[in-house]
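Remarks on the structure that follows.
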4 protein chains.
Amino acid sequence: MDFDIDPGLPVPIYRQIVEQVRRQVAGGVWRTGDELPSVRALAQQHAINPMTVSKAYGLLEAEGLLQRRRGMGMAVADVRPARRPAQRLALLDPALQAAAQQAAQLGLGATAALQAFKQCLRQQGLMEEDDDA
Amino acid sequence: MDFDIDPGLPVPIYRQIVEQVRRQVAGGVWRTGDELPSVRALAQQHAINPMTVSKAYGLLEAEGLLQRRRGMGMAVADVRPARRPAQRLALLDPALQAAAQQAAQLGLGATAALQAFKQCLRQQGLMEEDDDA
Amino acid sequence: MDFDIDPGLPVPIYRQIVEQVRRQVAGGVWRTGDELPSVRALAQQHAINPMTVSKAYGLLEAEGLLQRRRGMGMAVADVRPARRPAQRLALLDPALQAAAQQAAQLGLGATAALQAFKQCLRQQGLMEEDDDA
Amino acid sequence: MDFDIDPGLPVPIYRQIVEQVRRQVAGGVWRTGDELPSVRALAQQHAINPMTVSKAYGLLEAEGLLQRRRGMGMAVADVRPARRPAQRLALLDPALQAAAQQAAQLGLGATAALQAFKQCLRQQGLMEEDDDA
DNA sequence: GTGGTCTAGACCACT
DNA sequence: GTGGTCTAGACCACG
């Protein structure tokens with residue numbers, strides 16, 4: 001239940017939290033009933049303001065991904081499995097679209113773009129080093 | 001000389017313009033002397049504020065990518081495109097890194113991510129429809 | 001475009017704002033493109049903190065009811081008409097359910113409850129004074 | 001001696017208990033000497049915290065509606081129910097007022113609101129299914 | 001001018 | 001202990 005927060009990024013802190021939860025839940029890494037770190041704990045751990053964490057949690061609750069259990073913290077809500085399989089790729093799509101558009105504008109070919117992407121996937125541990133799929 | 005502008009994206013409009021020009025020039029798609037649409041034309045075409053276009057053009061001029069020619073609008077300045085693919089790939093890298101990281105967090109495999117990326121590249125006209133490279 | 005805000009109520013201010021917008025939009029009183037008062041204006045008018053207003057607007061934007069127009073304030077979003085006809089009654093249901101349950105617990109009959117409700121509707125100007133429908 | 005508790009509602013659980021007891025007693029549905037479920041039983045039955053039940057019972061005792069009988073649990077105290085319907089209707093009024101106001105804001109007519117309310121009353125068993133009073 | 005974000009700190013309510 | 005709400009004030013980004 002770790003968060004990767006970097007106040008230096010251009011993307012707001014509360015949004016970093018929101019997006020990480022979204023992906024971890026969509027990816028099935030976090031499951032229904034899992035408890036999240038408390039607002040205060042997460043805030044202290046990353047030296048950020050509790051209200052910033054609270055804002056993120058509030059948005060995720062409104063979104064239906066988290067469930068508030070009064071006096072007992074937040075937990076991953078009962079996400080319908082229908083949400084998962086198809087929508088994981090949908091969550092990835094914007095990033096891929098942006099990358100493809102940029103490749104076109106840079107006058108790069110598909111082969112070069114794919115090679116570079118494979119390299120990134122390897123860095124993420126999603127491909128073997130010598131795999132050239 | 002088309003721009004792809006979406007006021008709905010989180011990235012500011014002026015920045016969408018700046019980055020597209022940067023890439024088209026770096027990629028050699030636009031070349032020295034090519035004329036850009038006038039501030040008014042671009043603003044009207046995309047229903048955005050002329051000041052927004054003007055701000056983008058101003059930044060690009062300060063950057064040396066564009067040249068203001070009195071009474072004749074803006075044109076691509078005398079800059080050489082990044083000749084070597086490596087330089088252009090470097091500009092593409094951030095987008096690919098982000099996509100790969102998100103794929104990992106979503107619990108997706110390299111194969112699925114690559115398939116989806118190929119689909120995006122096809123939509124950009126960088127791959128043949130039936131190519132599965 | 002008036003808001004009826006009472007800091008004395010048990011329901012949080014930001015939620016009073018959210019619910020009023022929801023109903024006015026669902027009821028068709030406010031329509032697509034209508035501009036809302038600015039965060040600062042609404043805050044000053046009711047002597048509340050701008051952040052409180054901002055929180056409400058933010059939730060309504062996430063909900064899709066409002067649209068942010070950068071640098072130009074918020075406006076009623078392009079609400080699909082499908083949203084209106086059936087869902088208006090759905091928005092009223094919780095209040096009616098609660099009232100019916102309380103009537104039952106108070107040992108009141110349907111006739112008495114209906115009479116009292118009609119009286120309330122008259123006070124809201126929804127029925128003629130001498131109407132007994 | 002049933003309670004209708006929903007942790008999902010915005011109204012706190014302890015308050016849901018308090019208000020239901022108040023109404024059942026005022027309506028004469030529960031009478032002097034009637035025994036309430038034990039703190040533990042009620043807590044287990046609805047999967048809520050015993051302290052929450054205890055808090056509600058304590059408030060009701062302080063209010064004089066319940067009586068603690070050593071070793072024998074809580075029972076309805078020696079209170080006369082609100083005999084006149086007018087008194088009971090007064091307790092129902094806030095809920096009806098809220099519903100009528102919301103109907104107005106939703107742009108609904110009296111007829112539609114009344115029909116929906118009748119349906120709710122039927123679900124509570126206060127009207128015959130085919131009654132259209 | 002617009003809204004967004006974050007901070008610091010206070011107070012409340014629920015369990 | 002938990003989260004929720006509000007305030008006051010600062011700074012940023014956008015148009």
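Reminder, nothing fancy here: chain letters follow the sequence lines and each chain counts from 1. Atoms considered below: every heavy atom in the structure, side chains included; atoms not considered: hydrogens, waters and symmetry mates. The model shown is predicted, which means the values in this text are computed figures rather than measured ones.
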Legend entry - Residues D:Tyr14, D:Val53; criterion side chain to side chain contact (heavy atoms under 4.5 Å, CB included); working and verdict: CA-CA 6 Å; D:Tyr14 86 95; D:Val53 180; over 6 Å; no
Legend entry - Any side-chain heavy-atom pair of D:Glu19 and D:Arg15 under 4.5 Å: yes
Legend entry - Side chain proximity check, B:Gln102 to A:Leu91, heavy atoms < 4.5 angstrom: no
Inset, instruction - Classify the side chain of C:Arg40 versus the base of E:dG3 as yes if they form a donor-acceptor pair under 3.5 Å and no if they do not. - result: yes
Inset, instruction - Answer with yes or no whether C:Arg70 presents, from its side chain, a donor or acceptor under 3.5 Å of a partner atom in the base of E:dG3. - result: no
For [X] and [N], give me the distance from atom [atom1] to atom [atom2], rounded to whole Å.
X	N	atom1	atom2	answer
A:Gln44	F:dG1	CD	C1'	14 Å
C:Leu59	E:dG3	CG	C1'	15 Å
A:Gln67	F:dG3	CD	C1'	15 Å
A:Ile48	E:dA8	CD1	C1'	14 Å
C:Met72	E:dG3	CE	C1'	13 Å
C:Ile5	F:dT5	CD1	C1'	15 Å
C:His46	F:dT7	NE2	C1'	18 Å
A:Met74	E:dC14	CE	C1'	14 Å

Main chain of [Y], side chain of [X]: is a donor-acceptor contact present, judged purely on distance under 3.5 Å?
X	Y	value
C:Arg68	C:Met74	no
C:Gln67	C:Glu61	no
C:Glu35	C:Gly73	no

Inset, instruction - Pick base, sugar-phosphate or nothing for A:Asn49, based on heavy-atom distances below 4.0 Å to the nucleic acid. - result: base
Inset, instruction - Select base, sugar-phosphate, or nothing to describe what D:Lys55 touches, counting heavy atoms under 4.0 Å on all strands. - result: base
Legend entry - Strand partner of E:dC11, provided both Watson-Crick or wobble distances fall under 3.5 Å: F:dG4
Inset, instruction - Return the residues of residues 11-24 of chain A meeting this criterion: a heavy atom under 4.0 Å from some atom of DNA chain E. Order them by number, or give none. - result: A:Pro12, A:Ile13, A:Tyr14
Inset, instruction - Under the side chain to side chain contact (heavy atoms under 4.5 Å, CB included) rule, what do D:Val18 and D:Leu65 come out as? Steps first, then yes or no, please. - result: CA-CA 10 Å; D:Val18 166; D:Leu65 280 176; over 6 Å; no
Side-chain N or O of [X] less than 4.0 angstrom from OP1 or OP2 on [N]?
X	N	answer
A:Thr52	E:dT7	yes
A:Arg68	F:dG4	yes
A:Arg69	E:dC14	no
A:Ser54	F:dG3	no

Legend entry - side chain to side chain contact (heavy atoms under 4.5 Å, CB included) evaluation trace for A:Leu42 with A:Tyr57: CA-CA 11 Å; A:Leu42 189 53; A:Tyr57 280 11; 3.6 Å; yes
Legend entry - Position toward the 5' end of DNA chain E (nearest nucleotide), A:Met51 or C:Tyr57: C:Tyr57
